Amino acid sequence: MPVIPPPDSDDGPRHRYDVAAVERKWQAYWLEHRTFRTEIEPAKPKAYVLDMFPYPSGSGLHVGHPEGYTATDIYCRFLRAAGYNVLHPIGWDAFGLPAEQYAIQTGTHPADTTRRNIDTFRRQIRALGFSYDWEREIDTTDPAYYKWTQWIFLKLFERGLAYTAEVPVNWCPALGTVLANEEVIDGKSERGDHPVVRTPMRQWMLRITAYAERLLAGVDTLQWPEGIKAMQRNWIGRSAGAEVDFAVPALGEKLRVFTTRPDTLYGATYVVVAPEHPLVTRLATAECRASVDAYVAAASRKSDRDRQDDQKEKTGIPTGTVAINPLTKQEVPVWVADYVLGGYGTGAIMAVPAHDTRDFAFAQHHGLPIVPVLSPDGQPFAVPLAEAFTDEGIAFASGPWSGLTTSDFQAQVTDHLAAHGIGARRVNWKLRDWVFSRQRYWGEPIPIYYPMVRDGAALVGPTLTAQGVWNLVQSGSAHIDHGAPIAVDAAQLPLRLPETADFQPTGDAEPPLSRCFAWRFFQQDGRWFARETNTMPQWAGSCWYYLRYLDPRNDHELASPAAIAHWLPVDLYVGGAEHAVLHLLYARFWHKVLFDAGVVPTDEPFQRLVNQGMILGEDGEKMSKSRGNVINPDTVLVEFGADAFRLYEMFMGPLEAVKPWSTHGLHGMRRFLNRVHTLYDKPIGTGAPDDATLRLCHKLIRKVGDDTRALRFNTAIAAMMAALNELVRLPEFPRKIAELFAVLLAPYVPHLAEELWQRLGHPPSVGSVPWPDFDAALAQDDLAEVPVQVNGKVRAKLMVAKTLDRGELERLALAEPGVQRHMAGKIIAKVIVVPGKMVSFVVK
RNA sequence: GCCGGAGUGGUGAAAUGGUAGACGCGGCGGACUCAAAAUCCGCUGGGCUUACGCCCAUGAGGGUUCAAGUCCCUCCUCCGGCACCA
């Protein structure tokens, strides 16, 4: 029979080994052998490496998810080999609007879509070969999980940090729910970009402002990107200044204003109150009443968005009333204008047009006086100001305070005001309390209930049904006493979300749970009660999930104290920068509360944070369906395999950098892996490697170790590529080197590394092989190429022993023809010799 | 406007103040092949030069230094965030 040459494999000759089979084989092996199961090993140093868990959307994983996940996976595999006890879990942040929106659109129950989405995400993540401990997988919609979300809520409630209030909230009619300030971007919902309006409603609030000072101070202690820290500081928005009373003789009242620049009080030429200010109506004189009322009414109709749009021309009108500047004793007019916010400070300001850009614009527009009282040198400005002077400086025209610097003036005048009972030192915060309730179905039920009242007494009625109670409420003969919230007994948790097909929002403020009468109304000791029907926002489950991973199946504690003590804090947290203020601020807040409650031993949850940079489309634009530049990981995996995919995402550039996708680059990774595979086809030599190869390898161990530890994966990969380029030149592949190279590759391309390790005759897993040590002497060359500079330009290069002494080095350098040529006819003014590094001559 | 980050070949990017452009992609040339693909080898910042070499070059302009992509000052551009918070 003729010998039939084996056909090239069907999936193309570029696949030199059967990537799909190899990857499937090892993924199955890891799962079956629970290779990455984690237990507490007290003898080892611990490392808690956390990914921001995904929201399992209907569209599946995008290429941005695996970027961070690959980084932490490589890091974890490396740390395990380096002798660490590593915790590396994954789970699902599965409550929230998108799943519910999708469910509403398709008529499927959110529980079903959520389950399906999770299955997809799990399959996709497993296909990438990540070393998660799957026995710690969590799902925020699992009652066994949200039992503890509710338990933490009860802690907040007990400590007075959860309360209800009738407050102006961000109501989003399209989504049928209120949103937190953090969820509103430019007057639109963060999710879905729907309009948001301000309207007062009864809401559950969390008193995050009580932690403002600590949340701010804690930022300084964190190893986080500067940008994120700045954003948190900015969001918390501490502002120190003074409150000052301006007397309003016509009313016999004081108008209290907040200012950060009490040193400009002599320049305060008018006062402005917000349209929402409680005194507005009374401030309006008879002549101004109609216009003030109209202005206030118009302002109340405007959304925040509209108010911002009107920035260019600042509107406002006089109230007709005057106030007295407490220092100059002069009368200044009181205006009402919507550039002053009702919800910040006292809702009133003293306007100093000469030294505040906003006041300046307003004063110019409305012809109000502009009086400078401060300049860089304390000399009055010679000409009228063209713009506000807002820097610090030296005061003039300020009575006894003239000549003082801004800071001295501020300190002294604040004391003076306080001593005379007309002011006080004051710190304001931009941070507001967190609106915590949502009028949606797909969230954690808030574990609170209220007494039912009929005719001023508790509603009793053994024969009543839940529906009957509702009828009483509808008819007005009974009501829910929202003023007397009662916490569900912790032993009764979880308070399960009722199953219902009627989960659609109605567009009014009544949550879907209000219609689940059998769940909502219940009888206890003969009395009727009504459950809270708002649910928690999406952020609730993610506020503490990193704690549940520590002990995920514990049903009598959030996590055991032993597990908490062992693993906290999170040593490295990797995720997208889009969570800079929302998730990261809320989670820090809850963590501090749990710290105060003695549940956790640390004040901050996430010691070190790294943001992976966004991956752009091949066109350099943000990936989006509308641009059609979205890369689907599933497709990439089929064509190139997980190892190549992982390697490519890490090789693209620094982890934190924003970088465009390139399918060409991916081909390069496949080529690299094929060449590695081919290298192991060579005869495996039993002899000792030669000196050059040995040095190469020891340098490689150091380089890959250092870079991996520092999350510089791109340069570690480059070093392995460079090493491969040398190794392929060897006539045979020494066994020791073959083993070593597989071990170094393992964190990066775990499937191939396992396969090669097995081919070398070892039992799995290559991941259990300790990370090799390098020999410091072998990890550096004894020869060095030393550049010789003449007047700063390299004129020769010397190949010399690294340790060659200065005198000899200088002598050799001088002998170089290239050096001679540039020194001819000149005298040496200076010689710098750095042994092993550099020789530099300065000649004249 | 304010805050944070970044500007380096055709391209993604490397470079403890000490040889700018490692590594990858792309391109060019060659080997193999009937041919192509794949693979392998070589070259590849720009300019001048037959050549040895020389000059220029890290957004722009200054400065410090024997030596600057790296440190300092001024400015420009791009990305991300915040934005009437007094």
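Source: prediction; values computed, not measured. Just so we're on the same page: letters track the sequence lines, and every chain starts at 1.
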Student: Taking the six-membered ring for Trp, are A/F645 and A/W661 parallel (under 30°), tilted (30 to 60°) or perpendicular (over 60°)?
Tutor: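 Rings of A/F645 and A/W661: tilted, as their planes differ by 30° to 60°.
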Student: Let's test your reading of the model: under 3.5 Å, does the base of B/U16 pair with the side chain of A/K837 as donor and acceptor?
Tutor: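 Pair found.
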Student: Looking at RNA chain B, which of residues 230-240 of chain A put a heavy atom within less than 4.0 Å of it?
Tutor: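 Nucleic-acid contacts, sorted: A/A230, A/M231, A/N234, A/S239.
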Student: Is there any side chain to side chain donor-acceptor pair (under 3.5 Å) pair reaching into residues 716-727 of chain A, and which pairs are they, with sequence neighbours excluded?
Tutor: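 Every pair satisfying side chain to side chain donor-acceptor pair (under 3.5 Å) with a residue in residues 716-727 of chain A: A/R675-A/N725.
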Student: Find which nucleotide of RNA chain B each of A/I832 and A/T260 is nearest to by heavy atoms, and output the residue with the more 5' nucleotide.
Tutor: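 Nearest-nucleotide comparison on RNA chain B picks A/I832.
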Student: Reading 5' to 3' and counting Watson-Crick or G-U wobble pairs with both distances under 3.5 Å, write the dot-bracket notation for RNA chain B, | for bases paired outside the strand.
Tutor: (((((((..(((.....[....)))((((((.......))))))((((....))))..(((((..]....))))))))))))....
Student: Could you check whether A/H355 gets within reach of a base, just the sugar-phosphate, or nothing at all, counting any heavy atom under 4.0 Å?
Tutor: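 Answer is nothing: A/H355 stays at 4.0 Å or more from every strand.
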Student: Can you check the distance between B/G53 and B/G62, where both ends of the measurement are the P atom (answer in whole Å)?
Tutor: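 So the two P atoms sit 32 Å from each other.
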Student: Under 30°, 30 to 60°, or over 60°: which ring-plane class applies to A/H579 and A/H583, parallel, tilted or perpendicular?
Tutor: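 Answer is perpendicular, since the angle exceeds 60°.
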Student: Just checking A/P654: base, sugar-phosphate only, or nothing, at a heavy-atom cut-off of under 4.0 Å?
Tutor: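 Sugar-phosphate only.
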Student: For B/C56 versus B/G69, give the span between their C1' atoms, rounded off to a whole number of Å.
Tutor: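 To the nearest whole Å, 16 Å.
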Student: Output all residues satisfying ring-ring contact (aromatic ring centres under 6.0 Å, His included) with A/H822, sequence neighbours left out; order by chain, then residue number.
Tutor: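 Per chain and number, A/H822 pairs via ring-ring contact (aromatic ring centres under 6.0 Å, His included) with no residue.
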Student: How would you list all residue pairs meeting salt bridge (Lys or Arg N to Asp or Glu O under 4.0 Å) that involve residues 654-665 of chain A, not counting sequence neighbours?
Tutor: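 For residues 654-665 of chain A: A/E67-A/K659.
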Student: Could A/K314 and A/Y339 be counted as a cation-pi pair, given that NZ or CZ must be under 6.0 Å from the ring centre and within 45° of the axis?
Tutor: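 Here A/K314 passes the 6.0 Å and 45° test against A/Y339.
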Student: Would you measure the distance from the P atom in B/U70 across to the matching atom in B/U65 and give it in whole Å?
Tutor: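 To the nearest whole Å, 16 Å.
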Student: According to the salt bridge (Lys or Arg N to Asp or Glu O under 4.0 Å) rule, which pairs have a member within residues 793-805 of chain A, sequence neighbours left out?
Tutor: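 Qualifying pairs: none.
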Student: Counting heavy atoms from C-beta on, name the nucleotide in B/C66, B/G53, B/C84 closest to the side chain of A/D338.
Tutor: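 Shortest atom-to-atom distance from the side chain points to B/C84.
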Student: Apply salt bridge (Lys or Arg N to Asp or Glu O under 4.0 Å) to A/R709 and list each qualifying residue two or more places apart in sequence or on a separate chain.
Tutor: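 Applying salt bridge (Lys or Arg N to Asp or Glu O under 4.0 Å) to A/R709 gives A/D706.
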Student: Can you tell me, in whole Å, how much space there is between the C1' of B/G10 and that of B/C3?
Tutor: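 My reading of the C1' atoms in B/G10 and B/C3 gives 36 Å.
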Student: Does the separation of the ring centres of A/F733 and A/Y680 fall below 6.0 angstrom?
Tutor: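 Between A/F733 and A/Y680, the centre distance is under 6.0 Å.
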Student: Polar-atom pairs under 3.5 Å, protein N or O versus N or O of nucleotides 68-70 of chain B: list them with distances, or write none.
Tutor:
none

Student: For B/G62, is chi within 90° of 0 (syn) or not (anti)?
Tutor: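 B/G62: anti.
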Student: Between A/D707 (CG) and B/A14 (P), how many Å, whole number?
Tutor: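 So the two atoms are 11 Å apart, to the nearest Å.
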Student: Please tell me which of A/V786 and A/A577 maps to the more 5' nucleotide of RNA chain B, matching each residue to the nucleotide holding its nearest heavy atom.
Tutor: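 Closer to the 5' end of RNA chain B: A/V786.
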Student: Between A/I370 and A/F360, is there a side-chain heavy-atom distance shorter than 4.5 Å?
Tutor: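 Yes, at least one pair of side-chain atoms sits under 4.5 Å.
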Student: For the residue pair A/Y17 and A/H677, does the interplanar ring angle fall in the parallel (under 30°), tilted (30 to 60°) or perpendicular (over 60°) class?
Tutor: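 Ring orientation, 0 to 90° scale: parallel.
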Student: Considering only B/A86, B/C54, B/A13, which nucleotide approaches the side chain of A/R795 most closely?
Tutor: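 For A/R795, the side-chain atoms sit closest to B/C54.
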Student: Which whole-number value in Å describes the distance from A/Q789 CD to B/C66 C1'?
Tutor: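 In whole Å, B/C66 C1' and A/Q789 CD are 8 Å from each other.
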Student: Measure from CD on A/E276 to C1' on B/C84 and round the result to the nearest Å.
Tutor: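 Result: 13 Å.
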Student: Taking atom C1' of B/U39 as reference, at what distance in whole Å does atom NE2 of A/H677 sit?
Tutor: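 It works out to 16 Å between those atoms.
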Student: For B/C56, take OP1 and OP2 only and decide whether either is under 4.0 Å from a side-chain N or O of A/K793.
Tutor: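 For B/C56, OP1/OP2 do have a side-chain N/O of A/K793 under 4.0 Å.
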Student: Please report the distance separating the C1' of B/G45 from the corresponding atom of B/U8, rounded so that it comes out in whole Å.
Tutor: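 Result for the C1' pair: 10 Å, nearest Å.
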Student: In chain order, what residues pass the side-chain hydrogen bond (donor to acceptor under 3.5 Å, both in side chains) check against A/E618, with sequence neighbours excluded?
Tutor: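 Checked A/E618 against side-chain hydrogen bond (donor to acceptor under 3.5 Å, both in side chains); matches are A/T663.
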Student: Between B/U11 atom P and A/L616 atom CG, what is the distance in whole Å?
Tutor: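 To the nearest whole Å, that distance equals 16 Å.
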Student: Does A/Y339 put a side-chain nitrogen or oxygen below 4.0 Å from OP1 or OP2 of B/A86?
Tutor: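 Looking at the OP1 and OP2 atoms of B/A86, neither is under 4.0 Å from any side-chain N or O of A/Y339.
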Student: Would you confirm whether A/Y270, through its side chain, and A/D359, through its main-chain N or O, come within 3.5 Å as a donor-acceptor pair?
Tutor: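 Yes; judged by distance alone, with no hydrogens or angles, the pair exists.
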Student: Give one of base, sugar-phosphate or nothing for A/E785, where a contact means two heavy atoms less than 4.0 Å apart.
Tutor: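 Counting heavy atoms under 4.0 Å across all strands, the contact made by A/E785 includes a base.
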Student: Counting distance only, does the side-chain N/O of A/N714 pair as donor-acceptor with the main-chain N or O of A/M652 below 3.5 Å?
Tutor: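 Checked: no pair found.
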Student: At a cut-off of 3.5 Å, list every protein nitrogen or oxygen paired with a nitrogen or oxygen from nucleotides 21-26 of chain B, distance to 0.1 Å.
Tutor:
from: B/G24; atom 1: OP1; to: A/N725; atom 2: ND2; distance (Å): 3.3
from: B/C25; atom 1: OP1; to: A/R671; atom 2: NE; distance (Å): 2.9
from: B/C25; atom 1: OP1; to: A/R671; atom 2: NH2; distance (Å): 2.9
from: B/G26; atom 1: OP2; to: A/R671; atom 2: NH2; distance (Å): 3.3

Student: Among residues two or more places apart or on two chains, list those pairs meeting salt bridge (Lys or Arg N to Asp or Glu O under 4.0 Å) that have a residue in residues 255-264 of chain A.
Tutor: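 Qualifying pairs, neighbours excluded: A/E243-A/R256, A/D245-A/R256, A/R261-A/D263.
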Student: May I ask you to verify if any side-chain N or O of A/K830 is less than 4.0 angstrom from the OP1 or OP2 atom of B/C66?
Tutor: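 Result: yes.
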Student: Once you apply a heavy-atom cut-off of 4.0 Å, does A/E226 come out as touching a base, just sugar-phosphate, or nothing?
Tutor: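 Answer is sugar-phosphate: A/E226 comes under 4.0 Å of backbone atoms only.
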Student: What is the distance, rounded to the nearest whole Å, between atom CG of A/N791 and atom P of B/C54?
Tutor: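 A/N791 atom CG is separated from B/C54 atom P by 14 Å.
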Student: Less than 4.0 Å between a side-chain N and a carboxylate O, is that true for A/R233 and A/D220?
Tutor: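 So A/D220 pairs with A/R233 through a salt bridge.
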Student: When rounded to the nearest Å, what value does the distance between C1' atoms of B/G59 and B/C79 take?
Tutor: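 Straight-line distance between the two C1' atoms is 15 Å.
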Student: Among residues two or more places apart or on two chains, list those pairs meeting salt bridge (Lys or Arg N to Asp or Glu O under 4.0 Å) that have a residue in residues 710-722 of chain A.
Tutor: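 Residue pairs passing salt bridge (Lys or Arg N to Asp or Glu O under 4.0 Å), neighbours aside: A/D707-A/R712.
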Student: Say you pick atom C1' in B/C71 and the same atom in B/U64; how far apart are they, in whole Å?
Tutor: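 Comparing C1' positions in B/C71 and B/U64 gives a spacing of 8 Å.
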Student: Please state the P separation for the pair B/G26 and B/U11 - nearest whole angstrom.
Tutor: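 Between the two P atoms, the distance is 15 Å.
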Student: Could you state the CD-C1' distance from A/Q820 to B/G53, rounded to the nearest angstrom?
Tutor: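 Taking CD of A/Q820 and C1' of B/G53, I get 17 Å after rounding.
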Student: Rounded to the nearest angstrom, tell me the gap between atom NZ in A/K659 and atom P in B/G7.
Tutor: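 Distance, rounded to whole Å: 14 Å.
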